[in-house]
Amino acid sequence: MGRRSVSIQDIARAAGVSHSTVSRALHNSSLISMDVRKHIQQLAVDMGYTPNAIAQSLQMRRTNTVGLVVTSIGDPFWSDVVRGVEEIARSHHISVFLSSAHTDPEQEFAAIEQFHRRRVDGVLVADAHMSKAHAERIMRMRVPTVLINCQVDGMVDWSHSVAVDDALGARLAVEHLIQLGHRTIGYLGVANRPLSNTRRLGAYRTVLRECGLNQLPEWELVSQDQLLEDATIGEMLAPRLLDAGVTAIFCYNDMIAIGALLACNARGIGVPSQVSIVGFDDIPAARFVTPALTTIHQPKQRLGSQAMSILLDLLADRVAPNVVVTPTLVERNSTRPWLKE
């Protein structure tokens with residue numbers, strides 16, 4: 001039979017005081033003398049007393065837990081975001097429940113409902129595939145919620161969020177290619193991340209227009225397939241851009257860029273000697289592919305830590321403004337100056 005946990009009543013009997021006196025002493029109440037407090041606290045340690053977290057949460061109406069939903073725990077992008085969330089949560093003695101929705105909105109909503117039933121103090125939603133109707137369902141649950149890189153246009157107007165500046169990141173990527181002398185630049189994107197794809201594609205077009213460069217429809221390819229892996233999208237679509245005569249490709253994210261690298265390799269096309277490729281995200285694999293990928297760095301851990309900080313502000317009834325973090329260009333070996341043959 002397992003050993004019974006030590007209770008406040010056990011400590012009270014050992015100390016010869018009431019259980020209310022023990023409770024006050026363990027909470028360091030000034031109503032109890034310092035000597036008695038120290039005696040009872042030491043007695044609790046010696047007896048192996050562990051506070052009942054459930055009872056404490058009922059008293060405080062807080063559970064010191066939060067729920068975090070990500071699209072996939074296997075996605076290297078979200079693993080860094082999770083690390084940022086946990087770093088801040090741990091420093092405030094808050095536990096994080098993690099769930100993966102596998103890009104399924106119904107699974108995501110079910111996970112959030114489960115968190116709600118467990119009385120988490122708040123929820124963080126890191127989702128790249130959310131619909132507006134789905135987001136509104138979450139908001140109606142009235143649990144403090146922070147969205148990370150939300151993909152629903154207009155949501156930031158009435159919800160709490162942290163996101164990267166997509167337009168700035170795309171601008172940095174395209175300007176980099178133009179500065180290297182490229183004049184025929186393609187874009188590879190995805191339709192299932194509608195907000196960020198629209199912003200990155202829009203910035204791509206804007207920069208080309210500002211520089212007086214051509215914008216041909218065949219240089220813009222956006223996959224409509226909701227099920228394909230991103231690397232597969234890059235591998236399938238990059239050959240069409242190569243056939244269209246581009247000398248550089250800006251990709252929606254690093255996995256698409258890695259797929260484009262594979263497509264070039266399969267065709268015997270040198271990167272960057274014949275075509276330059278830029279990704280977006282700066283996932284760990286970007287450093288280890290050959291050639292190492294020039295990309296736009298998203299401060300992923302900071303996205304997580306900022307989101308958790310916003311949630312803490314909400315829980316403390318403090319003003320919690322939305323946050324937009326700044327991306328940066330990381331130059332590696334997949335881009336080089338264009339040398340016209």
Side-chain angles (χ1 to χ4, degrees), residues 2 4-11 19-32 37 40-45 47-70 73 78-101 107-127 138-148 150 159-162 300-323:
R4 185 177 66 86
S5 298
V6 174
S7 68
I8 285 180
Q9 287 78 5
D10 294 330
I11 300 172
H19 69 85
S20 60
T21 297
V22 173
S23 179
R24 291 191 181 101
L26 294 178
H27 286 87
N28 219 29
S29 170
S30 59
L31 296 175
I32 308 299
R37 266 186 280 167
I40 291 175
Q41 289 169 2
Q42 185 59 52
L43 190 60
V45 172
M47 294 177 67
Y49 170 71
T50 302
N52 187 319
I54 296 176
Q56 286 185 334
S57 71
L58 291 173
Q59 291 176 346
M60 300 170 61
R61 297 189 178 183
R62 288 279 296 274
T63 62
N64 287 327
T65 61
V66 298
L68 171 59
V69 185
V70 298
I73 56 175
W78 295 118
S79 65
D80 284 344
V81 173
V82 171
R83 188 178 297 114
V85 169
E86 290 183 326
E87 181 181 80
I88 299 300
R90 192 178 298 113
S91 69
H92 287 80
H93 308 291
I94 291 175
S95 299
V96 179
F97 296 142
L98 178 64
S99 180
S100 175
Q107 282 195 42
E108 178 178 86
F109 191 72
I112 294 171
E113 282 188 317
Q114 180 64 26
F115 287 153
H116 193 35
R117 285 194 291 271
R118 296 186 70 166
R119 297 293 185 267
V120 296
D121 297 326
V123 173
L124 300 152
V125 183
D127 189 357
I138 294 172
M139 292 302 132
R140 285 196 294 269
M141 294 179 69
R142 298 187 180 280
V143 59
T145 302
V146 181
L147 306 177
I148 304 173
C150 174
S159 63
H160 299 279
S161 67
V162 57
K300 297 173 285 298
Q301 193 162 332
R302 188 183 166 208
L303 284 171
S305 62
Q306 287 281 176
M308 187 64 217
S309 295
I310 290 174
L311 187 55
L312 289 173
D313 285 338
L314 294 177
L315 296 176
D317 293 322
R318 294 190 292 264
V319 175
N322 295 335
V323 174

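Each residue takes its place number in the sequence, starting with 1. Nothing here was measured: the structure is a model prediction, and the numbers come from that model.
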Exercise for the section: Applying side-chain contact (heavy atoms from CB on, under 4.5 Å) between Leu124 and each of Val96, Val162, Val146, Val82, report the one that passes. Expected result: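 Of Val96, Val162, Val146, Val82, side-chain contact (heavy atoms from CB on, under 4.5 Å) with Leu124 is met by Val146 alone.
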
For the backbone of [Y] and the side chain of [X], can you confirm whether one donor and one acceptor N or O come within less than 3.5 Å of each other?
| X | Y | result |
| --- | --- | --- |
| Asn322 | Ser161 | yes |
| Asp121 | Thr63 | yes |
| Ser305 | Arg302 | yes |

Check [X] against [Y] and note the closest heavy-atom contact, atom names and distance.
| X | Y | result |
| --- | --- | --- |
| Ala44 | Leu26 | CB-CD2, 3.8 Å |
| Gly122 | Val143 | CA-CG2, 4.1 Å |
| Thr145 | Leu147 | CG2-CD2, 4.1 Å |
| Asp10 | Ser7 | OD2-N, 3.0 Å |
| Leu31 | Arg24 | CD1-NE, 4.0 Å |
| Thr65 | Val120 | OG1-CA, 3.5 Å |

Handout entry: Exceeds 12 heavy-atom contacts within 6.0 angstrom, atom NE2 of His19
Key = no

Exercise for the section: May I ask you to test the Val70-Val81 pair for a side-chain heavy-atom distance under 4.5 Å? Expected result: no

Practice task
List the steps, then state whether side chain to side chain contact (heavy atoms under 4.5 Å, CB included) holds for Met308 with Leu312.
Solution key: CA-CA 6 Å; Met308 187 64 217; Leu312 289 173; 3.9 Å; yes

Look up atom [atom1] in [X] and atom [atom2] in [Y], then write down how far apart they are to the nearest 0.5 Å.
| X | Y | atom1 | atom2 | value |
| --- | --- | --- | --- | --- |
| Leu315 | Ile94 | CG | CD1 | 6.5 Å |
| Ser79 | Lys300 | OG | NZ | 8.5 Å |
| Ile310 | Ile148 | CD1 | CD1 | 9.0 Å |
| Ser20 | Ile32 | OG | CD1 | 7.5 Å |

Practice task
Begin with the C-alpha distance, continue with both residues' side-chain angles, and end with the deciding distance and a verdict on side chain to side chain contact (heavy atoms under 4.5 Å, CB included) for Leu314 and His160.
Solution key: CA-CA 9 Å; Leu314 294 177; His160 299 279; 3.4 Å; yes

Exercise for the section: Go through the steps to decide whether Phe115 and Val69 satisfy the test side chain to side chain contact (heavy atoms under 4.5 Å, CB included), and finish with yes or no. Expected result: CA-CA 10 Å; Phe115 287 153; Val69 185; 3.6 Å; yes

Exercise for the section: Verify side chain to side chain contact (heavy atoms under 4.5 Å, CB included) between Ile11 and Met47, making sure each step is shown before the conclusion. Expected result: CA-CA 8 Å; Ile11 300 172; Met47 294 177 67; 4.1 Å; yes

